Every structure is written in C-alpha cells, then in structure tokens.
Number of protein chains: 2
Amino acid sequence: MSQNDAEILQTTQARVLAHCGQAGLFVHGQRVAAAVSGGADSMALLRMLLALAEPLGITVTACHVNHRLRGPAADADEAFVRAQCARLGVELRVFRAGEEGLPLADGGEAGARNLRYACFERLRREGIDRVATAHTVTDQAETLLFRLARGTGLHGAGGIRPVRDFYVRPLLCLTRAEVEACCAAWGQSWVTDETNLSDAYARNRLRHDALPALRQANAGAERNLARFCEKAAQADAYFARAAAGLLDQAARVEPQDCPPAVRRVLESGGPVWRLEVLQQADPLILEAAAHALVAPHRDPEELYIRLLCQLVEKGTGAVQLRPGVRLRAGQGFFWQEDAPAPPAAPLEAVPFCPEKQAEYPLGGGQWLCVRLSRHSFQEKTQVVHKKDLKNVADYARITMLHPALTLRSRLPGDLYRPAGRSVTKPLRKWMNEQAIPPQVRDSLPVLADGSEVVWVCGAGFAEGLAPHPGDDGLTLYLEIQTRKGEERGR
Amino acid sequence: MSQNDAEILQTTQARVLAHCGQAGLFVHGQRVAAAVSGGADSMALLRMLLALAEPLGITVTACHVNHRLRGPAADADEAFVRAQCARLGVELRVFRAGEEGLPLADGGEAGARNLRYACFERLRREGIDRVATAHTVTDQAETLLFRLARGTGLHGAGGIRPVRDFYVRPLLCLTRAEVEACCAAWGQSWVTDETNLSDAYARNRLRHDALPALRQANAGAERNLARFCEKAAQADAYFARAAAGLLDQAARVEPQDCPPAVRRVLESGGPVWRLEVLQQADPLILEAAAHALVAPHRDPEELYIRLLCQLVEKGTGAVQLRPGVRLRAGQGFFWQEDAPAPPAAPLEAVPFCPEKQAEYPLGGGQWLCVRLSRHSFQEKTQVVHKKDLKNVADYARITMLHPALTLRSRLPGDLYRPAGRSVTKPLRKWMNEQAIPPQVRDSLPVLADGSEVVWVCGAGFAEGLAPHPGDDGLTLYLEIQTRKGEERGR
C-alpha cells in the first residue's frame, strides 16, 4: 500500500470512528452485521467495520440479500459477496427472496426495501445487535433533495438518521467519492448494480443532474446538505421532545372529570388528553404532537397533521387515521378510539347507486355512508364534516366515466390509479407499497368498474375524479361510520 | 382577451390577493413602489399590483434602477420601462447609478444589490411605505438550493421572507411559469436581461440543471421547496422568539450583584446576561440566541455561533465579533463590550517578523499579538485560546511564499484572495462586498507582500495559508488585544 493510500485510510478511519462515537452508533460488545450488496459503499462499510472492530469493541459479520430480481446478475453479486467475505474471513448470512419463508420482492423499490427489512428483522431475532447500512453523505444529500422535491417538513429534511432503532449508518460522514477512494486504497473491488443506473429514474436525475449543479455552486455542497439534515434533525427532535412534553401534560386527566365515553377510553388504557392544554400550545408544538399521533398509523402527510390541528382548534369532531383508528374531540377532551377493525370477511359485491341508496352495510357495525351535495355547499362545510379530503369525487364525472360501479372487496387483477401519482398499478402491488396489513386486504371495501378500482377505503378516489375547484356541480362524498352501542343512530 | 386568459388572470389574482392578506404585506392606504427591471417577473408584479390596488387599498407607483453596467442595453431597458409605465399611467421613479449622488455599481452581484437597496432607501425617505420586489416561488426554490449548497441553517433555509422590513414580495406564491402565463394573458411584453443567462453562473446551473431534475422527481417540486422554506421560516421564528425570551430572562441583572467591570457595562446601558441562565438553556435556543447576538455585527456564520456557545459553556473568555465589538464571559456574567474602535489613522508600514517580535502596536490601545506554536499544541488548545480560526497560518508556507511581509494599512492596488473563495480581487472591491464601514477601511491593519495582501484584520489569512490538518509544523497565530485601564498587562 502506498504512503498516500495509507494516509487516506488513516484519515478516513479516524473520521468514521469519531462519527460512530459522536452519534453513539455502537456499544462495546455488540454483534454487528454489515448489510453488503457488493457495491462500493457496502464493500467500504464492511472493510471499515473490520478495520475499526477493535477500537469500537464490536464483532463484525456480514449479510447479503439476494432479491432475485435480476436473474444471473443477482446470483453473480451473491457469489462476489460470498467470495469477498471468505477472503476477508467474515461470517456471512445470505438471504434469498422466496426461500426460507421469505417473500418474493415484487420489482418495485418499496417491495425490495420491505424484503431487506424483513431479512434484517430475522438477524435481530438471530442475535444480531445492530445492522449497519452503507448510506453515505451523498445518499443523504440525494435523500434531502428527493424529499424536498416531493414535499417535506423538518422531520423529513432530517434525512437518514445515523441511528434508527437497530439500524446504524457508520459511513454517514463520508461522500461517495471518499468511499470509492477508500476501496481503491484497500485494493477492494466491487460490483455495480445496474439498477442503480436505471431503476429509480427520479433519483438518478437528482444524482446526475441536480447534485453536480449544486457542487458547481459550492464544492462542498454534498457535505453542506448533509450538515443541514443534521440541523433539521436536531430541530425536529426539539419539537418532538416539546410535543411529547405537551402530550404528557395534557394527559393528566382524572377519570371523574370525564364524560362517560371518555372515561371508558381512559379506563381501558386508551390515551385521553385535555383539549384546553393542546389548544394553548404553540402551533408548531401542536403540529409536532399531531405528527407523533399520526405516525404510528400512517404516513404522516401534511393533510392529516392539518386535520388533527383543526380538530383540536375546533374542539369537536373526528379524524379517521386508518381503518380501526380514529382521533376524536368533544366536551373538552381529545382521545384516540380504536374503532372496530373492518369486517374480516370479504364483502359481497353490490351495485353502487349513490342517487338511490345512501348507506351500505359493511359488516362489523360499519357502514359506508354516501352523500350528494352541491360543490359550493361542500366547500363551506368541508372543514366541519370531512374526515378525509380524498373521499370526495365529482359526481357528474364519475357517473359519466363509470356508469356501473360495484361496492366489493378486492379481486385478482384489480388495477388502481391513486390520486396525485399519475401511475396505474395492480391493486395488490399498491397494497404492498402502502403496507396495508395482510389481514385487512381481503376485506377492505373498494368501488370498482370491472377491474378498475375507483375508490379504496382509507385511500380515497382514484386520480382524476376529485371535483375541480370552482365547479358548481354535485359532489359525491363517502364516509365510513361505526354504529353500535351509544353510537347507533348518531 | 380570451375566456381562458381571463380565467388565468382571475385565478392568479385571487391567489396573490390571498397571499398578500395571509402574509400581511400591505396596510390600507400605503404607498407602494413596484421595483421594475422590465423583466417578466417585474412586469407581472406591476400589472398585478395595479389590478389589485383597489382591493388592497394601496397606491401603486414604479421604480427602476439603471445600474449602467450593460451600456446601451441597460438604457434600452430603462426606455422600455418608461414607455410601459407611461402606457399604463403609472408614476415612475428612475435611479441611475452614478447620478444624484448614487454610487456606481461595481459589476458584481453584491455591488448591484447594494446600489438597488440604496435607491430603495431613498424611496423610503421620499414617502414610499413599501417597496415590492418580484421574487417568485421559483426564485425561492433556487434560493433554497443555493443556500443549501453553500451551507445554511434553519434561518437561511427560510428563504426569502414575504415581508422584510419595508420590502414585500407579492409574487412569492407564483412560479415563474405562472408569472409568464399572466404576462401572456395580459399581452404584456418584457425584456430579457442577458446577465440572467451569463452573470451568476452557479445560480444558472441551479436554474437550468438542478430545478428541472427536481421537477422530474416531482412535478410540484418548486412549490414543495417553497413550502419547505415557509416551514423552516416558522421553525426559525419559533427559535428566535425562544432566544429573545431567554436573553430577556438572562438580562434580569441587578447592578449590586455584578463585579465592577460588569457593573460599568450595565450602567452604561450595555447588555449583560447571567451566564447560569444561558448555560441551562436548550442548546438549540442558545444557538438561536448566539445567532441573534452575532447577526447585527457580521454575517452570522456557524463558526461564530459555535464560538459564542463555547464561550457560554466555558464561562470565561472573549469572542471578537468585529473590530470594536466583542462578547465576554467571566464571573458568572456574559456581556457585550464595545471595544474601542480601531485606530482612526492609517498605520505606518513596519516589517513583520513574527520570529523576532511578538507584539505590534496598532494605536488606540490595540495590539497585534503574534504567537508561534506547534500545530499539535495548537489543536489541543485552540478551543480555549482561539478567537478566530481564520487568524491561523502555516508558518513554513507563509515564510516560504512571502519572505518579506509588511504590517500596514491598505494601499491603492492591493489584491486579496479570501480563504474559501478561490478568487483574487482588488482589496477595495472586497471591502465593498463585505460592507466594511468606510471610516474603518483606511485604518484596518493588513499584512502584505507588495500589493498582495495575505491577512486582513477581522477577515483572516488569504486562501491557501491555513495549516493542513495533521501537519506537524509551526502555526502562526495572530490576535488583536485591547489593553487599557484594568486590561493592561492581562
């Protein structure tokens, strides 16, 4: 190894060691598995962890997930990783999609990620303390750009966290160029995953056009973007702490002060908060609290944060977070209800005639309630009545395009074009991506025209059916209501 | 006007009106001057304000700044704006660089901006209540990208604020494409400033490469970036409020509790804070407080924020913010000292021999103190001793490259290559850009080799002279000390 190579490695290792220490990635004695795809970043990760195993006080193994999506190329990568680990004397655990009870990856980025995380979960159960992934400063910068383009808040702008649960990112202090320089210095070869060059088109445009332009504006752009992520993550953590404090304070509720319905929630261990405390909070802290309430149940998109903040402000009403979970406000309190799960049995298909029938039983005490009203009326009342802006369609358009709709559960071959995405996909694939629990999938109500699904319970109407602002036609509005016990006949 | 054009204008005007209301841009009865360059954005701004003058309750005039940097093209733009304002019946105030006592613009972006703001200040004195500038959502997105690339925190990520002082941005809710569509709908022509295509190269790379790549990732990228700016600005405002509260609380100081030096500062109306209160604050709030203390005196770069936070934590020492202003900590207090202004008279040139002479009198009670130490020692002690990381040079390099340095004030023809900028510029021009007060310029100490300035007091050493990390040679370290009264012989 040349003097120069030795210096590169020495400096870089010192930086990674400092990063691991500052971010608290490892605890002495832990068993760490490096997730190794065979690419430059992950080979550098493995080499780096081996070099630092002693000062970090960790045991290093490797794991590899063969998604089996790219035929012989994927098997060649697996063979490469096996050979490298053997050469380096590292214990390697290989997972292959569809084997050992693992699911098959479905070709999408989300499916591949789900498969990887399923494998990592197994490692956890097998006694691994930390899975290390090879994310770099460059990934961080790309992630920030991607999220900013897609729309994000402070939480998302915080980017990839150095530690999340049992995942750690030791290379989050190095650029991809530095990582490749390390591989060169070690004489470490790597494979190039051609999907990197083709699969995620938007991300590659960011990589090949946006980042170089930013580097032109400032040579240290990648690092500066990553540094901004750290600051955003710190601010996000501040607001999350303040929100936790707010919720704690608001949760000091005595059962005897509550109306009966709230007391039952409280006594069954469900969360109840005093509205007054929430209403007096700084809007940013309340938003962070709403984020914390939404996140366990669904992607915490802005819409839901806003709906919850409006609910607190208004002090009465409900927001359905997902089938089975909703937040309600009333009589000075704010609480979470675990509404009964949707019917476990598939729905029998029935024709959907909103102009004739206003309610459809879904089983399990749930009803699909249908309302038709003029857009202008709808606009005035939407804040009050609407649980989900997505459950609104233009009546003229939907009846013209789909004169014979059916209310049913999903069927093989169903296609869905979610609003705002401009892409039609198999409903099955969409459900995978949305991580809809398997036990819910077969019973989730949908409206369909043949195999074209135009509405999914919880996700709303398909692309192109929402009313245009300013139109003055009829709006079709769907709502799931639960009716039993005191709720009946509400 | 076609039906479609009328609809575009109606919708867009409604959005601008809503934006003006939400952001509180105008108060009924105000006199507003639209800053009009003649480009599409500013012509749309003028037309939009004219269309909304009645609902906003404002009087609209226009102003144009001819920077006189582009010869006949600049005069043609001025003529275009004059003709358009005459046609629209709008009162127009034209400023021309170098006339009416206005400075000449120096060709750089900063100089041009300084000129414009000088003109706008005149408008304020002439009775204008608000100057409206034509920044769009697209400018906002570019600004965010530019600042992220250059390195920024929440404050900078907040982007262009809709209101700043007496500047307002009515078009900050429209993309550039929407602005151009409005001009087309009005049949409003505009001029194209060719410097937009050539002058600011980095910004144009962002405009032509980065933004389109982000739009590819998400069609609404510009808006999403601008929306993120709003969120960052809200979070920044939260921390700024919390910081103001912290400083208020810490400023509750009784003179009888202070040691004499601190009491004198307090009694002369200078700010004094209790260290304990600052030390117990959340780090993010303390950072925001440090930002608030640095910002009035210099560009609030991260280095100074960090130095102030360290000073608070340590509880003793001083940080020089700029010649004349420093913050000190000691005996349980933290206070701002208006150190005596630097000597008003130019310095007589003296040879600079750090190995022979450790102190150089600068007049006015100030001394340039010189220290040579091994890098390794320096690294260990730098947090404690160093007021400014920029005042450190590699001794071997500086003596090899510049064997005969002179300590003096500036001379005509001086050149300076500030660190981190990779550009050599006339010292005069650099001082303009840095907005160094004219009364300070002639007396600011510099180290020079002929006309090549290698160190400027307050700005530090020129590019390429800093020690390399890991080197083990000698470090040259400069510090300005003030010594009089009790400070003597410290």
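Since we're looking at a predicted model, the values are computed, not measured.
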Residue pair Leu206(B) / Leu214(A): nearest heavy atoms and the distance that separates them: CD2-CD2, 3.2 Å
What residue, out of Leu144(A), Leu154(A), Thr152(A), Leu211(A), has the most heavy-atom pairs lying under 4.5 Å from chain B? Thr152(A)
Which bit of Leu284(B) comes within less than 4.5 Å of chain A, counting heavy atoms only: side chain, backbone, both or neither? side chain
Taking the inter-plane angle between the rings of Phe228(B) and Phe228(A) on a 0 to 90° scale, is it parallel (under 30°), tilted (30 to 60°) or perpendicular (over 60°)? perpendicular
Taking Asp209(A)'s backbone N and O only, do any of them form a donor-acceptor pair with Asp209(B)'s side chain (distance below 3.5 Å, no angle check)? no
Per-residue tally against chain A (heavy atom, under 4.5 Å) across Arg223(B), Glu287(B), Arg147(B), Arg227(B) peaks at Arg227(B)
Between Glu230(B) and chain A, with a heavy-atom cut-off of 4.5 Å, which part of the residue counts as in contact: side chain, backbone, both or neither? neither
Please check if the number of heavy atoms outside Glu7(B) that lie under 6.0 Å from its CD is greater than 12. yes
Identify which part of Pro212(B) has an atom lying under 4.5 Å from any heavy atom of chain A, answering side chain, backbone, both or neither. both
Keeping Asn224(A) on the side-chain end and Ala149(B) on the backbone end, is there a donor-acceptor pair under 3.5 Å? yes
Side chain, backbone, both or neither: which part of Arg241(A) has an atom under 4.5 Å from a heavy atom of chain B? side chain
At a 4.5 Å cut-off on heavy atoms, which part of Arg150(B) comes close to chain A: side chain, backbone, both, or neither? both
Is Ile285(B) close to chain A through its backbone or its side chain, or both, or neither, when contacts mean heavy atoms under 4.5 Å? side chain
